[in-house]
Amino acid sequence: MSSQTQATADQLDTIRSIMKSTRIAMLTTVEAGGALHSHPMTVQEADFNGDCWFLASENADAVQQLEAHPHVNVSYSGSSQWLSLAGSAEVVRDQAKKTELWNTFTDVWFEDGETDPSVVLIHVTGELAQYWESPGKVATLVGVLAAKVSGDEPQTGSSESVAV
């Protein structure tokens, strides 16, 4: 693990907030030749405690890639907040957890339903998180313009890197 400090309760709340406000995350895996590949994944309605979960077909490229190379990154992008979560992933076959995470939106992607054995869970254990928060488009624009006039560094928000 890197030398980042352990996330505080407030920082974990910020991370949870970014995750919950994002509908689609990008799960980045490592292909066999070493290239990075990002997969859009639906964010599940689960509380973040250092882990996050996704549902996928066992035949999906992401599943095949993370079984060979478990190091992943999950990125979340909102209108004024962003999160990059680095960690490791594993494929889990747990019907109770799958049922817990299943919802109407999931039915669109997996027509055979939650008991379909080819639907698996991707469990990401977060190790490092970096997030950015901006005050919004208008405030950011004002900050950039003020910096242009003053010659100072623009005040466009904050960023934190923490161990989770």
Side-chain angles (χ1 to χ4, degrees), residues 1-32 34-56 60-103 105-106 119-140 142-144 147 152-164:
M1 184 176 345
S2 182
S3 63
Q4 276 83 10
T5 59
Q6 189 66 33
T8 66
D10 286 345
Q11 289 169 324
L12 286 174
D13 285 344
T14 299
I15 292 168
R16 280 186 202 98
S17 172
I18 295 169
M19 292 172 79
K20 287 184 177 189
S21 68
T22 308
R23 188 71 198 136
I24 303 293
M26 295 300 286
L27 172 67
T28 302
T29 57
V30 181
E31 293 180 341
L36 301 176
H37 185 90
S38 294
H39 314 266
M41 305 294 287
T42 302
V43 175
Q44 300 302 315
E45 302 296 330
D47 282 333
F48 177 71
N49 60 358
D51 298 350
C52 54
W53 296 84
F54 300 100
L55 295 161
D61 289 344
V63 171
Q64 305 307 310
Q65 292 162 1
L66 70 85
E67 286 184 323
H69 302 280
H71 297 289
V72 298
N73 184 277
V74 184
S75 59
Y76 299 81
S77 179
S79 62
S80 63
Q81 295 179 313
W82 302 268
L83 170 65
S84 174
L85 181 67
S88 59
E90 65 179 329
V91 175
V92 176
R93 288 173 171 79
D94 179 335
Q95 186 59 48
K97 187 68 174 178
K98 188 170 27 169
T99 298
E100 174 190 334
L101 297 175
W102 202 267
N103 58 48
F105 187 74
T106 310
V119 177
V120 297
L121 297 156
I122 296 175
H123 174 219
V124 177
T125 302
E127 297 166 9
L128 299 173
Q130 183 172 12
Y131 61 90
W132 300 263
E133 297 181 282
S134 80
K137 291 178 185 178
V138 173
T140 299
V142 169
V144 168
D152 293 334
E153 192 77 21
Q155 299 300 313
T156 58
S158 63
S159 176
E160 298 286 338
S161 293
V162 294
V164 294

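- Going from atom OG1 of Thr28 over to atom CG of Leu85 covers 11.0 Å, rounded to the nearest 0.5 Å.
- Distance check, rounded to the nearest 0.5 Å: CG of Asn103 to OG1 of Thr42 gives 8.0 Å.
- Inter-residue side-chain proximity for His39 and Phe54 is flagged as unmet; no heavy-atom pair is nearer than 4.5 Å.
- Remark: His37 NE2 is packed, more than 12 non-hydrogen atoms of other residues, nucleotides or ligands lying under 6.0 Å away.
- If you take OG on Ser17 and CD on Gln81, they are separated by 5.0 Å, rounding to the nearest 0.5 Å.
- Looking only at side-chain heavy atoms (C-beta outward), Tyr76 and Cys52 come within less than 4.5 Å of each other.
- Leu128 has its side chain out of reach of Val162: every pair of non-hydrogen atoms, C-beta onward, lies at least 4.5 Å apart.
- Minimum interatomic distance between Ala89 and Val124 (heavy atoms only, all atoms of both residues): CB-CG2, 4.0 Å.
- Of all non-hydrogen atoms in Gly78 and Thr22, the two that sit nearest each other are N-OG1, 4.5 Å.
- To the nearest 0.5 Å, the span separating CH2 on Trp132 from OG on Ser84 amounts to 5.0 Å.
- Minimum heavy-atom separation, Val119 to Lys98: O-NZ, 3.0 Å.
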(message) Run Leu55 and Trp102 through side chain to side chain contact (heavy atoms under 4.5 Å, CB included) and show every step you take.
(response) CA-CA 8 Å; Leu55 295 161; Trp102 202 267; 4.0 Å; yes

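- Remark: side-chain polar atoms of Lys97 are not paired, donor with acceptor, to backbone N or O of Leu121 under 3.5 angstrom.
- Looking at Thr99, its side chain does come within 3.5 Å of a backbone N or O of Gln95 through a donor-acceptor pair.
- Across all their heavy atoms, Pro40 and Met26 have their closest contact at CA-SD, 3.6 Å.
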(request) For the pair Asn73 and Leu36, evaluate side chain to side chain contact (heavy atoms under 4.5 Å, CB included) and give the outcome as yes or no after the intermediate values. (result) CA-CA 10 Å; Asn73 184 277; Leu36 301 176; over 6 Å; no

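- When all heavy atoms of Gln6 and Gln11 are compared, the pair lying nearest together is O-OE1, 4.1 Å.
- Note: Ser88 OG to Leu66 CG = 10.0 Å, rounded to the nearest 0.5 Å.
- Glu31 places no side-chain N or O within donor-acceptor distance of the main-chain N or O of Thr29, the cut-off being under 3.5 Å.
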(request) Check the pair Leu101, Thr106 against side chain to side chain contact (heavy atoms under 4.5 Å, CB included), reporting the backbone distance first and the verdict last. (result) CA-CA 9 Å; Leu101 297 175; Thr106 310; over 6 Å; no

(request) In sequence, state the C-alpha distance, the side-chain angles, and the governing distance for Trp53 and Glu100, and then conclude on side chain to side chain contact (heavy atoms under 4.5 Å, CB included). (result) CA-CA 11 Å; Trp53 296 84; Glu100 174 190 334; over 6 Å; no

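- Within the 4.5 Å cutoff, the side chain of Met41 has no heavy atoms near those of the Val74 side chain.
- Summarising the geometry, atom CD1 belonging to Ile18 is positioned 12.0 Å from atom OG belonging to Ser75; distances are rounded to the nearest 0.5 Å.
- At a cut-off of 3.5 Å, with distance as the only test, a side-chain donor of Asp51 or His123 sits close to an acceptor on the other residue.
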